[in-house]
Chemist: 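Structure incoming, see below.
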Number of protein chains: 2
Amino acid sequence: MKLSTRTRYGVRAILELAENAGEGPLQLRIIARRQGISVKYLEQLMAVLKSAGFVRSIRGAKGGYILAKPPDKIRLDEVFYCLEGTVTTAECVEDEKYCQRAAGCAARIIWTQVHEAIEKVLEAITLQDLIDKANACGAANYHI
Amino acid sequence: MKLSTRTRYGVRAILELAENAGEGPLQLRIIARRQGISVKYLEQLMAVLKSAGFVRSIRGAKGGYILAKPPDKIRLDEVFYCLEGTVTTAECVEDEKYCQRAAGCAARIIWTQVHEAIEKVLEAITLQDLIDKANACGAANYHI
DNA sequence: TAATATACTACCAAATTAGTAGGAATATCA
DNA sequence: TGATATTCCTACTAATTTGGTAGTATATTA
């Protein structure tokens with residue numbers, strides 16, 4: 001069930017943009033350095049996020065990326081779906097016709113339950129929520 | 001987030017054994033035919049399930065596989081862990097030292113929540129539970 | 001001993017994933 | 001206008017994982 005680096009890096013990158021929301025554009029070079037990801041690989045991930053409408057790019061010197069929507073309007077399930085492709089656990093979960101045995105299938109019950117549990121978590125949380133929680137934890141760590 | 005065929009086939013195979021519990025040993029040939037999986041591939045999966053102590057093998061003519069424990073004593077999280085390897089979404093979830101940024105990391109919060117949601121579902125259900133539910137559904141389909 | 005099964009080891013092919021490379025297009029600033 | 005900084009685009013490649021096959025050894029039953 002491990003997530004692909006594509007999803008992991010992609011989410012980390014969009015979170016950087018979310019934390020930077022309201023400031024100017026953030027360059028890949030900066031994100032790459034902060035997150036320890038190659039600029040060239042990030043380029044590809046950002047292209048995906050861009051075509052899905054989550055981020056906007058500004059070309060040229062002093063350019064970079066910014067979120068296309070406020071961070072409290074971007075839910076994690078949308079981002080996952082965009083990066084991970086299928087958020088589902090098995091084909092038959094969403095397409096009953098995929099397998100003849102689907103109707104009385106014991107296995108399909110568990111695939112479905114896991115799938116729904118994941119979706120429920122991701123639907124309920126936005127980029128802003130995550131940042132707030134992280135700040136709460138980070139602050140606690142610094143013993144303020 | 002798609003499960004590997006390893007996990008999907010493995011769970012389906014062990015469910016066949018669970019449904020057969022109390023009868024004699026079940027041959028891979030039979031499971032393979034019912035589930036549409038190659039015998040040779042099943043062999044490998046059963047070897048994994050065997051070394052983890054979920055099933056026992058009986059060699060020779062009239063041999064086959066049986067569950068090593070009653071089906072209500074085998075939880076799905078154990079089976080998943082055995083087949084899938086890591087049930088976790090990212091390394092840092094279970095190993096905080098894996099990444100320096102782990103403490104205040106917004107991304108890690110979501111990896112963790114998804115991970116916990118999956119575990120919660122799988123911990124709460126046994127092979128027997130699944131079979132019971134499937135029978136309930138199957139019965140409904142047959143309009144009894 | 002013949003037939004039937006699992007056990008074990010090795011190998012292989014396809015697909016996916018992760019990452020690199022190079023240069024073109026574009027915007028900024030001096 | 002020219003130097004620089006940045007995204008954009010396309011292609012390539014290396015590594016890993018996945019899914020599967022083959023052959024032989026070993027155990028059991030009849």
Side-chain angles (χ1 to χ4, degrees), chain A residues 1-14 16-17 20 23-33 35-68 80 82-86 89-91, chain B residues 1-14 16-17 20 23-33 35-68 83-86 89-91:
Chain A
M1 294 295 282
K2 202 172 151 194
L3 295 164
S4 62
T5 61
R6 186 183 168 88
T7 298
R8 286 183 288 119
Y9 291 0
V11 168
R12 282 159 60 191
I14 202 173
E16 285 282 346
L17 294 184
N20 196 60
E23 325 275 317
L26 192 59
Q27 289 96 40
L28 289 189
R29 185 171 48 82
I30 309 290
I31 300 176
R33 193 171 56 214
Q35 294 289 337
I37 305 172
S38 109
V39 174
K40 284 296 191 179
Y41 193 38
L42 259 186
E43 269 185 12
Q44 294 179 37
L45 305 185
M46 293 311 277
V48 174
L49 290 170
K50 186 186 169 191
S51 69
F54 293 115
V55 306
R56 282 216 307 271
S57 64
I58 294 124
R59 297 174 73 157
K62 300 249 172 126
Y65 288 88
I66 56 172
L67 281 193
F80 263 64
C82 159
L83 291 164
E84 189 82 359
T86 114
T89 46
E91 303 287 350
Chain B
M1 293 297 282
K2 203 170 149 193
L3 295 164
S4 62
T5 60
R6 185 184 169 89
T7 298
R8 286 184 288 120
Y9 290 1
V11 169
R12 281 158 62 191
I14 201 172
E16 285 281 346
L17 294 184
N20 196 59
E23 324 276 318
L26 191 59
Q27 288 97 42
L28 290 189
R29 184 169 50 82
I30 309 290
I31 300 176
R33 195 170 55 213
Q35 294 288 337
I37 305 171
S38 112
V39 174
K40 285 294 189 180
Y41 194 38
L42 260 185
E43 265 186 16
Q44 293 179 37
L45 305 185
M46 293 310 277
V48 174
L49 290 170
K50 186 185 169 192
S51 69
F54 294 115
V55 307
R56 282 217 308 270
S57 64
I58 294 127
R59 295 174 73 154
K62 301 246 173 130
Y65 286 89
I66 56 173
L67 281 193
L83 291 164
E84 190 82 0
T86 112
T89 45
E91 304 288 351

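In what follows, every heavy atom counts, from backbone to side chain, and hydrogens, waters and symmetry copies are set aside. Only a predicted model underlies this, so the values are computations on that prediction, with no experimental measurement involved. The chains referred to below are lettered A, B, ... by the order of the sequence lines, with proteins before strands, and numbering in each begins at 1.
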Chemist: Taking side chain to side chain donor-acceptor pair (under 3.5 Å) as the test, write out the residues that go with B/Arg6, two or more places apart.
Modeler: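 Partners of B/Arg6 under the side chain to side chain donor-acceptor pair (under 3.5 Å) test: none.
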
Chemist: Please report the closest heavy-atom contact between B/Ala68 and B/Gly53, naming both atoms and the distance.
Modeler: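 So the minimum-distance heavy-atom pair works out to CB-O, 3.4 Å.
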
Chemist: Name all residues meeting the side chain to side chain donor-acceptor pair (under 3.5 Å) criterion together with B/Thr89; count only those two or more places apart in sequence or in a different chain, and write none if there are none.
Modeler: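 Side chain to side chain donor-acceptor pair (under 3.5 Å) list for B/Thr89, sorted by chain: empty.
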
Chemist: Give me the atom names and distance for the closest heavy-atom approach of A/Ala32 to A/Val39.
Modeler: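 So the minimum-distance heavy-atom pair works out to CB-CG2, 3.6 Å.
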
Chemist: Taking the nucleotide of DNA chain C with the closest heavy atom to each, which residue, B/Gln44 or B/Tyr65, is nearer the 5' end?
Modeler: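 That would be B/Tyr65.
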
Chemist: Which residues pass the side chain to side chain donor-acceptor pair (under 3.5 Å) test with B/Gln27, sequence neighbours left out?
Modeler: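 Listed in chain order: nothing, the list is empty.
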
Chemist: How would you give the extent of chain A contacts on DNA chain D, as first and last nucleotide 5' to 3' within a 4.0 Å heavy-atom cut-off?
Modeler: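 Contact boundaries, 5' end first: D/dA5 to D/dA11.
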
Chemist: So which pairs with a foot in residues 36-52 of chain B pass salt bridge (Lys or Arg N to Asp or Glu O under 4.0 Å), sequence neighbours left out?
Modeler: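 The answer is B/Lys40-B/Glu43.
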
Chemist: Assess the residue pair B/Asn20 and B/Leu67 against the criterion (side chain to side chain contact (heavy atoms under 4.5 Å, CB included)); give the C-alpha distance rounded to whole Å, side-chain angles, the decisive distance to 0.1 Å, and a yes or no.
Modeler: CA-CA 9 Å; B/Asn20 196 59; B/Leu67 281 193; over 6 Å; no

Chemist: Using chain B heavy atoms and a threshold of under 4.0 Å, write down where along DNA chain C the contacts begin and end, 5' to 3'.
Modeler: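 Reading along DNA chain C, I get C/dT4 to C/dC8.
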
Chemist: Considering residues at least two apart in sequence or located in another chain, which fulfil the side chain to side chain contact (heavy atoms under 4.5 Å, CB included) criterion with B/Ile66?
Modeler: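 For B/Ile66, the residues satisfying side chain to side chain contact (heavy atoms under 4.5 Å, CB included) (neighbours in sequence not counted) are B/Pro25, B/Arg56, B/Ile58.
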
Chemist: Listed in order of residue number, which residues of residues 46-58 of chain B have a non-hydrogen atom at under 4.0 Å from DNA chain C?
Modeler: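 Heavy-atom contacts with DNA chain C come from B/Lys50, B/Ser57, B/Ile58.
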
Chemist: Go through residues 35-43 of chain A and report each residue with a non-hydrogen atom lying under 4.0 Å from DNA chain D, sorted by number.
Modeler: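 Of all residues in residues 35-43 of chain A, the ones placing a heavy atom under 4.0 Å from DNA chain D are A/Lys40, A/Glu43.
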
Chemist: Taking all non-hydrogen atoms of both residues, which atom of B/Tyr65 and which atom of B/Leu17 are closest, and how far apart?
Modeler: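 Minimum heavy-atom contact is O-CD2, 3.5 Å.
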
Chemist: Which residues pass the side chain to side chain contact (heavy atoms under 4.5 Å, CB included) test with B/Gln35, not counting sequence neighbours?
Modeler: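 Once residues adjacent in sequence are excluded, the partners of B/Gln35 under the side chain to side chain contact (heavy atoms under 4.5 Å, CB included) criterion are A/Arg101, B/Arg12, B/Glu16, B/Ile31, B/Ile37.
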
Chemist: Are the side chains of A/Val11 and A/Phe80 in contact, using a 4.5 Å heavy-atom criterion?
Modeler: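 Of all side-chain heavy-atom pairs linking A/Val11 with A/Phe80, at least one is under 4.5 Å.
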
Chemist: Any non-hydrogen side-chain atom of A/Leu45 less than 4.5 Å from a side-chain atom of A/Ile14?
Modeler: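 No, every pair of side-chain atoms sits at 4.5 Å or beyond.
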
Chemist: Contacts to DNA chain C from residues 4-11 of chain A, heavy-atom cutoff under 4.0 Å, which residues?
Modeler: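 Within this stretch, A/Ser4, A/Thr5, A/Arg6, A/Tyr9 sit under 4.0 Å of the strand.
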
Chemist: Quick one: list whatever passes side chain to side chain donor-acceptor pair (under 3.5 Å) with B/Ser38, sequence neighbours left out.
Modeler: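 Listed in chain order: nothing, the list is empty.
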
Chemist: Would you check if the side chain of A/Thr5 reaches a backbone N or O of A/Arg8 as a donor-acceptor pair within less than 3.5 Å?
Modeler: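 Absent.
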
Chemist: Say whether, by atom type as modelled, one donor and one acceptor occur between the side chain of B/Glu84 and the main chain of A/Met1 under 3.5 angstrom.
Modeler: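 Yes; at least one donor-acceptor contact below 3.5 Å.
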
